[in-house]
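A note on names: the letters A, B, ... follow the listed sequences, proteins ahead of strands, and every chain is numbered from 1.
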Protein chains: 4
Amino acid sequence: MPAISPERMQDRYDAILDAAKQAFAEKGFEGASIADIARIAKISDGLVYRYFKSKRELLYGVLQKFYARILIDLEHEVFKHDKFPARLEALIKRHIGVFVADTDLCRLFIAEVRTSSDYEGSAIQDLNRRYTSVLIRIVREAVGNGEVKPDTNAKLLRDVLFGAIEHLAWRHVNGRGQLRAAQTARELTAMLTSGICID
Amino acid sequence: MPAISPERMQDRYDAILDAAKQAFAEKGFEGASIADIARIAKISDGLVYRYFKSKRELLYGVLQKFYARILIDLEHEVFKHDKFPARLEALIKRHIGVFVADTDLCRLFIAEVRTSSDYEGSAIQDLNRRYTSVLIRIVREAVGNGEVKPDTNAKLLRDVLFGAIEHLAWRHVNGRGQLRAAQTARELTAMLTSGICID
Amino acid sequence: MPAISPERMQDRYDAILDAAKQAFAEKGFEGASIADIARIAKISDGLVYRYFKSKRELLYGVLQKFYARILIDLEHEVFKHDKFPARLEALIKRHIGVFVADTDLCRLFIAEVRTSSDYEGSAIQDLNRRYTSVLIRIVREAVGNGEVKPDTNAKLLRDVLFGAIEHLAWRHVNGRGQLRAAQTARELTAMLTSGICID
Amino acid sequence: MPAISPERMQDRYDAILDAAKQAFAEKGFEGASIADIARIAKISDGLVYRYFKSKRELLYGVLQKFYARILIDLEHEVFKHDKFPARLEALIKRHIGVFVADTDLCRLFIAEVRTSSDYEGSAIQDLNRRYTSVLIRIVREAVGNGEVKPDTNAKLLRDVLFGAIEHLAWRHVNGRGQLRAAQTARELTAMLTSGICID
DNA sequence: GATGAATGAGCCTTCATTCAT
DNA sequence: TATGAATGAAGGCTCATTCAT
């Protein structure tokens, strides 16, 4: 019999995660302290460690929640459409939209997580893979129905697409430059579907 | 009358830079201490500061030297060729080659510099821009002679290309996965020049 | 439920303060390290910072405790007497006594605090003012009842008195020379009450 | 045979001393570096050590020059007068004047030299003694011709006088408060010659 | 369950002084 | 004589994590 109810535990868990999200967003991973997070969540420092094994786990928790959310959104947006180009454009637009709407979390992922040594094999990497595999799926389907060249390297395309968006979004993440999701999505879709060369 | 010859000073400068490169590569920027670097360079801690204003300057020095080298290499490789696809493929191949040959320095740049707040406006950013602008140049020339569609967004292509390579190279940087420079260059060139869709 | 009792916290606080007093007295402010203080107090370095915000705060804490003590003593000794000359002599004697008994703390105040840039407006300056204002009070009372000339500049007298004692005590503070509190108090009282000139 | 002429050496010596005076006045003893001083004197760091054994010697040199100057001034001003009260008032006025005119050097002496452990027995202390002994001399003469009480403790008076002036000048030294030399000299003279009590 | 006191490792930088050139 | 490169010691403070209460 737990000393507090499961509901209470879940509330706490969520509160800590929200507090961490806020603190990390404001100060970055290194800059935010456990004490900051505990204060925001209105609990003691020590209690954080009943719910999360380490500060890093907390970061992972925040990003997992984030990925879970954007994964559902992405699938929802992409599978509204049937044709491959429309799906691709929707995917690009949506992904850029994530950078715009959740700049701080994107920065967190790029700067603090993906570059870290324990990213490989982590739950975050798994979620990231699931997120990016939406592209793989629509490519495979498009190959199946003749929309896309059968020899297309889907994994290469995945790296191209997500690498490209991250790169162009980085300026936005750093506070400079505009990010026009719709227009960029259109251009990038055209570039990838038709190529840049004159036949 | 200087206390030591200019040659000796240059040697020292280079020795410190090499030591820093090694230390940063092994332990990362935060992980490497000035004491580590001084020990490797076989000098005293204090002397480091006669040649470099701060630890960060040292990092920048290391990366500047790196960029100066790969910039020359890139131009050399790219402008061997005349046709756009060949140039593009050479650029991709060469850039992937940098990740393969200088994994640690690439990691340093991606993880410790580009994500840092003082990257914007730094000399490193300038060098990076010069490096990536090689692509802009070959695209412009190719547009000029009808090889590439005139409405091609060169800057978008730049983000696509370098973002893509960074993304796909990251696995290699992190010690896993293979990176076949020649083959990947060929595939990526094809993808970007012709697009992935069937007309 | 606090992790430790308030009594324990107070004990710690006092222990740190005593350790700091000892370390500062032995080595001066700059010379004493936080590690020294922590070692004397038998705690970890970090814990010092839970009780005091900085090394300087610690110095101030030591001197505040000191001033609080000597202020009470001074008032007690001075107001034993009713007549002005007796009060003045008691004040002088007591103040000299402080230099004799707490040489190290006096040195600390004179050498490390009063000359520092953040002394002005500090809590220590306030305590010092309260301490020296005992003289102002007895002068004002003595003017009121006709013992002292009505045009006496009390603040000037304050500077004269405390400046004089500090000056003559400085030799003692520095380990040389004798300081005969009673005799010096008598002579100085006579000098200030009657002047040195023959009418 | 010296490699440079004695005149040149003396010029250098003076130039270094002036540079040190300026640097110390601007940044304090700790704050000014040998490099600062060498730069101001337009010589190399190392050469400073041909003329002065250590940074501290340099400080002492600066203050010796200072004391030599104010000693002559003081004697000149004081012995203009014949009567004791006039001499005393002149001495006080002049000494306050030094604080006003050479605030930085006074601060240097008070904060950095007199409180240091090697002050005792130093050449500076000797000069200080000679400076303050002007008072002893006029008191002795005044005792001799019946102007001052024969049992006056001249050394105590010395401490009182110089301690008092230093104390009241300290506020000025720290940039606050006014220092009216003439008026303060008058009041202080009256206080010390006649006392503050009504007979 | 909850608290928060306690731990302790870790490091850049300055600068007086020396001495090879 | 003059230079200035080279030395190397020294310490305040933060904070993730643990565990006594």
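Closest contact between the side chain of Tyr49(A) and the listed nucleotides dT18(F), dA16(E), dA9(F) involves dT18(F). Among the nucleotides dT7(E), dC12(E), dA16(E), the one closest to the side chain of Ser44(C) is dT7(E).
Along DNA chain F, the nucleotide nearest Arg8(C) and the nucleotide nearest Arg56(C) are compared for position; the residue whose nucleotide lies closer to the 5' end is Arg56(C). If you find the closest nucleotide of DNA chain F to Ser54(A) and to Gly46(D), the one lying nearer the 5' end belongs to Gly46(D). Of the two residues near DNA chain E, Lys53(B) and Val48(C), the one whose nearest nucleotide lies more 5' is Val48(C).
Side-chain contact annotation: Asp14(B) with Gln10(B), donor-acceptor N/O pair under 3.5 Å present.
A straight line from CD of Glu7(C) to P of dA5(E) spans 14 Å, rounded to a whole angstrom. In this structure, Met9(C) places its CE atom 5 Å from P of dA5(E), rounding to the nearest Å. Summarising the geometry, the separation between NZ on Lys55(C) and C1' on dG11(F) is reported as 8 Å, rounded to the nearest angstrom. Residue Ile43(B) contributes atom CD1, which lies 12 Å from atom C1' of dG8(F) at whole-angstrom precision. Going from atom NZ of Lys42(C) over to atom P of dT7(E) covers 13 Å, rounded to whole Å. Spacing between atom OH of Tyr13(C) and atom P of dA5(E) amounts to 15 Å, rounded to whole angstrom units. Rounded to a whole Å, the CG atom of Leu47(C) is 15 Å from the P atom of dG4(E). Atom CG in Asp45(A) sits roughly 12 Å away from atom C1' in dT18(F) (whole-Å rounding).
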| message | Please evaluate residues Phe66(B) and Phe109(B) with respect to the criterion ring-ring contact (aromatic ring centres under 6.0 Å, His included), reporting the C-alpha separation (whole Å), side-chain torsions for both, the decisive distance (0.1 Å), and the verdict. | response | CA-CA 10 Å; Phe66(B) 173 53; Phe109(B) 174 69; 8.3 Å; no
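Residue Arg12(D) is in sugar-phosphate contact alone, with no base atom involved, counting any heavy-atom pair closer than 4.0 Å across all strands shown.
Applying the ring-ring contact (aromatic ring centres under 6.0 Å, His included) test to pairs two or more places apart or on separate chains, those with a residue in residues 38-58 of chain B are Tyr13(B)-Phe52(B).
Contact check of residues 14-40 of chain A against DNA chain E (heavy atom, cut-off under 4.0 Å) returns no residues at all.
Judged by distance alone, with hydrogens and angles left aside, the side-chain atoms of Lys27(A) form no donor-acceptor pair with the main-chain N or O of Ser33(A) at under 3.5 Å.
Nearest heavy-atom pair, Ala15(B) versus Ala41(B), reported as atom, atom and distance to 0.1 Å: O-CB, 4.0 Å. When all heavy atoms of Gln64(C) and Ala123(C) are compared, the closest pair comes out as NE2-CB, 3.6 Å.
Within the cation-pi definition used here (under 6.0 Å to the ring centroid, within 45° of the axis), Arg107(D) does not qualify as a partner of Phe29(D).
Salt bridge annotation for Asp18(A)-Lys65(A): present, with a cationic side-chain nitrogen under 4.0 angstrom from a carboxylate oxygen. Look at Arg39(D) and Asp36(D) and you find a salt bridge, because one of the NZ, NE, NH1 or NH2 atoms lies within 4.0 Å of a carboxylate O, short of that distance.
Applying the 4.0 Å criterion to OP1 and OP2 of dA5(F), one finds that Arg50(B) has a side-chain N or O inside that range. Contact between the side-chain N/O atoms of Tyr51(C) and the OP1/OP2 oxygens of dA6(E) is found at a separation under 4.0 Å.
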| query | Under a 3.5 Å cutoff on both atom distances, Watson-Crick or G-U, what's the dot-bracket for DNA chain E ([ ] crossing, | other strand)? | reply | .||||||||||||||||||||
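Of the residues listed (Leu63(C), Leu59(C), Asp104(C)), the one engaging Phe24(C) in a side-chain contact (heavy atoms from CB on, under 4.5 Å) is Leu59(C), and it is the only one.
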